[in-house]
Engineer: 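Below you will find the structure I want to go over with you.
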Amino acid sequence: MFGYIKKIRRYLSTKNQPDSKKEPKKAAAKLSLFGSLDKNLALFKEYLGESSDVIVKEFRLGGDARTRGALLMIDGLVNNEIVDLAILKPLMYDTGFKLKTDSGALDIDSISKGFLSSHEVNKLSAVGEMLHDVLSGNTVLLVDGAKEALSVGTRKWEKRGIESPQTETVVRGPREGFTETLRINTSLLRRKIKNPNLRLEALKVGRQTKTDVCIVYIKDIVKPGLVEEIKIRMAEIKTDSILDSGYIEAYIEDAPYSIFSTVGNSERPDTIAGRLLEGHAAIIVDGSPFVLTVPMVFIESFQTAEDYYIRPYYATSLRAIRLFCYFITILAPALYVALTTFHQELIPTQLLFTMTAGLSGVPFPALVEALIMVVMFDILKEAGVRLPKPIGSAVSIVGALVIGQSAVTAGLIGPFMIIVVSITAIANFVVPAQSDSISLLRYFFLILAGLLGGFGITAGALFVLVYLVSLKSFGVQYLSPITPLSRQGMKDCFVRMPLWSMIKRPFMMTGKNNIRREPLDVSRRQKGEKDA
Amino acid sequence: MIIVILAFSAMVVWQMPKLIKERRWRELKYFSIFLFVGFVLNVLLAMGVELPDPTKGIQIFFDTIKLHY
Amino acid sequence: MNGNNEKIKPSQLMVLFIGFINGSVLLLSLVDSSMKQDTWLVIISGYIVSVPFILTYIFLSKKFPGKNLTEINDIIFGKALGKIISICYIIFFILLFSYNYRQIVEFYSGYILSDTPQIILYITIALLCAYAVKKGIAAIAKVSMYTVAFAVFVVMLTFILLIGNMDFSNFMPVFEATPEDFIHSTYTMACIPYCEVICFLMVMPYLSSGKKLGRYAIAGTGIAMLFFLVIIIQVTTTLGPSSAIFSEGSFQSVRLIDIGEFLTRMELLVALGITASMFIKISVFKFAAVKSVSHLLRMKTYTPLLLPMAAIGIVTALIAYGSTIENAENANYHIVFALPFEFIIPPLSLLVAKIRKLPKKAGESVP
Amino acid sequence: MSPEGRKAKKMRKMGKKLKIVALLLLICLPMLMQAGCGARELNELVIVMGIGMDTDTENPDNIKLVAQIVLPNNIGQSSSAGGSSGSSEKAYCNVESAAENTFEAIREYTHKVCNKLYIAHNQVFVIGREVAERGIADYLDFFIRAKETRPTTTIVIADTTAAEILDVEAKMNLLPAINVNKLIEAQAENSQSREINVQDYVSTMQSETTSFVAPMIHILQEGENQFLSIKGMAVFKEDKMTGELDEDETRGFLWIKGWIESGVINITAGDQQVATEIVSAKTELSAEIKDGEIIMNIKITEDGVIATQTGTVNLATLMGIGEIEALVKEEILNELTLALKKAKELNADIFGFGEVLHQHYSKEWEGIREDWDTVFSKVKVNIEIETNISGAGIITEPALSEE
């Protein structure tokens with residue numbers, strides 16, 4: 001306790017002295033080139049070091065092969081044919097072009113305009129930009145005596161093809177998923193929404209990795225003030241590396257300490273397109289197939305892309321099943337424990353006998369028994385995911401069968417517990433979007449049920465409800481269509497009304513024009529043709 | 001008895017540093033007053049001391065002015 | 001993170017009203033024991049008696065927009081007297097929310113978790129309500145939408161399942177109770193569930209717009225009255241004359257459901273419904289108490305006061321109200337104690353406000 | 001401190017605080033768990049299925065409780081062995097304990113059984129004849145007050161002692177208590193008895209005038225195995241059993257109460273016997289006070305179906321139906337008069353006439369209430385019965401018909 005008081009006193013007395021930070025090596029970005037080629041090359045060698053995949057190609061250019069030039073590129077990131085055909089060939093062989101302007105100064109523009117046949121050529125003066133271009137797959141052309149350099153777009157590296165996404169598989173609906181490359185992902189979205197208002201704003205995040213991040217939104221549909229808010233939060237990110245969209249999510253989400261994620265993600269272009277049209281904004285991170293959508297509402301994790309392609313009744317029943325499974329997977333073990341230890345009178349008489357018979361040999365109290373089984377389930381789930389495909393499925397089957405069965409015969413776990421846990425296991429995978437919060441909530445309710453039975457579960461549920469109700473994601477309330485009870489929102493919340501009846505966009509997203517469809521006159525069709 | 005002490009120390013740990021840091025002296029003052037009152041009452045209760053029952057007080061008061069049913 | 005000064009819309013206030021009044025379902029048995037089969041009359045008459053008083057509360061808050069109870073008292077009764085009255089109100093609120101602590105813990109330890117040490121129930125409820133109040137009245141209003149929906153579901157389900165056992169002749173000897181008894185019960189009904197809405201005067205400054213406030217308040221109380229009617233019809237018809245001797249009629253009647261081997265024992269569902277509604281009631285009371293204390297001591301935010309108030313609440317609940325038997329008899333004193341707060345001071349303050357022709361345009365308090 | 005610094009410090013601060021609170025919670029948790037919050041494991045439960053009440057042979061003013069406790073493990077074996085009566089393990093065991101009052105007797109069990117009795121799943125209260133005659137109110141009071149008893153548990157009066165009833169092995173269900181319960185529910189078929197549960201007991205006790213009625217259960221000895229049968233009703237005055245209704249009187253009682261669901265009425269038309277089945281019956285009971293005299297009018301509408309007929313003359317003709325309806329009306333009338341005579345004899349208002357009067361004439365009711373016993377015997381009853389036969393099964397005339 002004394003340490004504590006001392007710390008407080010020290011804390012109160014210290015003034016805020018700014019601790020100086022050692023100024024880093026002069027930023028490379030502002031350095032400009034030297035006249036002579038050799039000095040420039042030495043400069044680049046100093047920055048890029050001796051890594052084996054950096055290629056420096058010196059050649060002579062110009063009809064009279066007097067001036068020396070050099071190409072800088074990274075092997076593997078560059079498309080070799082383009083370099084050879086579009087850059088080297090014209091510069092080395094096409095004679096008969098005047099390199100020097102009449103005033104004697106070396107004319108870089110003539111080269112870029114006259115001879116380089118690639119479409120993406122731009123003039124660079126700062127070394128930092130050159131470094132960045134070389135590292136991101138362009139080729140930099142240095143000419144002896146010129147103060148600027150030319151960077152030619154020659155990106156080409158082995159990319160994963162567009163495959164169907166693993167996480168959100170769909171029976172009916174498009175099967176293409178995002179890949180790691182930013183440009184392919186943006187092209188997928190462009191193909192889906194051919195609308196000039198679809199805007200992409202590029203950013204570079206991460207001091208070391210300099211990952212390209214792109215904010216996608218539709219100009220007059222997006223929630224007003226959302227894009228600015230994203231930009232502010234993006235600017236606050238001061239970290240070394242961004243390797244996956246998960247990093248960005250951790251930084252920009254509304255409630256960093258919450259177990260519920262307030263930033264939605266998806267691997268399917270059609271889901272992302274659908275959300276863009278509803279007023280969300282998407283964040284695509286280079287190098288990660290998961291695209292973030294902001295703001296996220298709780299009900300979004302129960303809506304899958306497929307809901308909108310199939311007929312409304314079946315879609316509504318699917319949604320009802322998802323909601324039901326969400327509660328089952330959280331509350332089943334807790335209810336089992338509460339019923340068997342606190343409220344035995346609620347169990348029908350016949351079932352009570354079989355249960356007591358089954359439980360006769362079990363040494364543990366119901367709470368410990370349930371905890372063991374839930375932990376066992378989590379272990380099996382994690383093992384199934386982490387192991388390579390063929391072994392993974394084998395492990396989970398073996399685990400479930402052998403462990404479950406032998407546990408019962410050995411009298412460690414009651415047979416009913418196995419049933420309860422298997423139901424929880426199956427229901428757990430029905431709502432994949434919330435799988436992280438589900439497993440935490442399950443433990444939370446289980447312990448509460450073990451301590452206080454039905455009362456504990458209600459107290460826990462109210463606690464979570466109060467928390468969810470006050471959670472906001474980018475200005476939109478987390479339980480949105482229900483809490484500020486929007487009639488429009490309710491059409492797509494528990495029940496998925498037919499498409500033609502959902503005329504307005506969810507109002508919590510956009511202020512202005514939220515008409516997204518003209519109402520379809522179905523009545524004429526139902527009565528059948530008059531004359532037929 | 002131990003639960004009472006534990007509960008109140010948890011309260012102090014949870015609220016006190018935040019108040020000190022944000023230098024909200026007034027809140028800190030009243031917080032500690034109420035906390036102390038609660039603590040004393042709870043400790044007395046935990047020790048089984050028969051505390052005066054406020055509703056009895058009200059009853060006697062209203063009995064004197066003969067206003068009850 | 002703590003958006004606890006978020007505004008709430010009048011429609012949300014109505015839902016909060018329903019959730020709040022719905023919380024005192026346990027008190028129906030208090031009236032039921034004296035009125036036997038005429039309880040449904042008392043509920044309606046209680047509502048009729050309480051409507052004018054609720055309108056005075058609304059009118060009071062409309063006259064002083066954006067001011068809560070303590071401020072109004074200061075303005076009307078001047079600094080010194082206003083302070084005293086506010087302190088009395090604070091004691092009134094503290095007693096109320098510990099009375100409700102007592103109610104819910106008695107209900108649970110009497111009916112369901114009978115041998116759980118009560119202190120644990122007290123601690124959970126206190127923490128839960130402290131957390132809800134920390135999140136602000138807007139969060140409580142939103143949660144009340146869910147609890148009301150759950151309560152509606154539970155009441156409807158039990159009503160439908162019990163239709164088999166209902167025999168409506170139990171209403172028959174209508175208006176058999178003595179007039180004096182009738183007035184006493186109407187007053188109890190008006191006083192405990194309906195006019196406890198006085199504590200909403202603390203919530204008024206959080207309202208985004210004051211229009212149609214009176215209508216929403218009355219509609220809210222009306223719907224809550226319908227709730228009570230449905231429950232009482234279910235109780236009197238299924239239990240008949242014996243509803244008087246059961247300490248908790250609505251709960252007992254649910255235990256009669258026996259349809260098929262499966263749908264037999266629903267009372268845990270009802271208990272959970274009652275707990276959810278009582279949670280709303282207790283957190284609103286706690287909000288009123290803590291807000292008025294923090295306002296009196298001119299604190300910027302009320303959050304630091306929450307946990308100590310919870311502790312004091314538990315202590316008052318434990319020491320006050322004696323044993324369960326005393327509790328029922330104590331209700332008579334409780335009504336008389338609540339008389340000034342709910343029925344005398346608000347109209348009085350309105351009167352004084354009119355005499356002194358407040359609020360001045362500047363709305364400044366005149367010493 | 002630069003912004004990151006302060007944020008980092010706050011993070012560390014927050015982390016530290018979380019650690020402290022987590023530490024405190026960790027200390028509290030086992031405390032709470034150990035404090036034993038009213039959790040009872042399933043296998044610790046002593047499940048009681050039926051409770052019998054008898055007088056204690058040693059000292060008569062004690063009460064002897066017979067609790068039928070389920071042995072869950074044996075349920076598994078004996079049911080899988082085809083419920084053969086030869087299986088040595090019985091799925092239940094009856095344990096007795098005697099004491100001053102019921103609560104003490106219940107607590108007495110803890111000497112014999114490892115835990116408190118768990119009576120939430122109790123199906124039936126079997127009350128022996130002597131206890132019924134001595135008065136059951138103070139014995140049932142504990143069970144009404146306890147929170148665990150279900151209001152839907154049935155009450156049955158044994159004509160001998162409860163212990164014997166609870167011992168009768170049942171072929172159909174494993175546990176005699178469940179067997180008794182199912183038997184009573186089956187009575188609805190032939191309306192010779194009626195399931196009365198704790199709630200009915202409490203509400204009839206509440207009204208001063210109506211007297212409580214409960215089904216009777218007897219043991220039939222056929223050869224070496226015994227059978228349980230439910231027949232007739234026991235009539236109670238206050239809470240003491242004063243008389244019995246046999247089948248016909250019970251049938252009459254059920255008619256007046258409107259509790260008839262189905263049953264058989266046999267009549268003789270000329271030389272032919274006809275049995276009709278009651279499909280549905282409705283009773284309207286209303287009271288009038290005409291110049292100081294209480295008249296109860298009972299209106300019964302009953303529709304039935306011809307179940308079987310003897311002889312060859314086809315009675316399912318228009319004329320035949322009219323005749324049968326008249327005869328059925330007559331039969332119902334005499335059942336009613338039997339019941340009313342017995343009620344007057346026992347001077348017990350089992351039909352709830354008092355309640356009906358109370359509901360309609362609450363002012364006059366104050367005067368009558370005290371001396372209801374004398375008034376009840378002078379009550380006039382006029383009965384109005386309307387029967388119709390709506391069918392005769394799938395054949396239009398008997399197979400062996402005259403032509």
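Computed over heavy atoms, backbone and side chain alike; hydrogens, waters and symmetry mates excluded. Lettering of chains follows the sequences in order, A, B, ..., and the numbering in each one begins at 1.
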Engineer: Check whether C/Ser11 gets within reach of chain A through its side chain, its backbone, both or neither, counting any heavy atom under 4.5 Å.
Structural biologist: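 Contact with chain A involves no heavy atom of C/Ser11 at all.
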Engineer: Once side chain to side chain contact (heavy atoms under 4.5 Å, CB included) is applied, do any residues pair with A/Ile321, and if so which ones, sequence neighbours excluded?
Structural biologist: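 By the side chain to side chain contact (heavy atoms under 4.5 Å, CB included) rule, A/Ile321 matches A/Cys325.
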Engineer: Answer with side chain, backbone, both or neither: which region of C/Leu272 has an atom nearer than 4.5 Å to a non-hydrogen atom of chain A?
Structural biologist: both
Engineer: With only heavy atoms counted, which part of A/Ile457 is less than 4.5 Å from chain C, the side chain, the backbone, both or neither?
Structural biologist: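 For A/Ile457, neither part sits under 4.5 Å from chain C.
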Engineer: Does any heavy atom of chain A fall under 4.5 Å from the side chain of C/Leu121, the backbone, both, or neither of them?
Structural biologist: both
Engineer: Establish, from distance only, whether the side-chain atoms of C/Thr275 and C/Tyr108 form a donor-acceptor pair under 3.5 Å.
Structural biologist: yes
Engineer: A/Tyr478: what forms a side chain to side chain donor-acceptor pair (under 3.5 Å) with it, not counting sequence neighbours?
Structural biologist: none
Engineer: Report yes if the distance between the aromatic ring centroids of C/Phe285 and C/Tyr99 is under 6.0 Å, otherwise no.
Structural biologist: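 Ring centres of C/Tyr99 and C/Phe285 not closer than 6.0 Å.
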Engineer: Can you say whether A/Gln477 sits under 4.5 Å from chain C via the side chain, the backbone, both, or neither, judging by heavy atoms?
Structural biologist: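 Contact with chain C: side chain only.
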Engineer: Using the ring centroid of each side chain, check whether C/Tyr101 and C/Phe97 are separated by less than 6.0 Å.
Structural biologist: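 Ring centres of C/Phe97 and C/Tyr101 closer than 6.0 Å.
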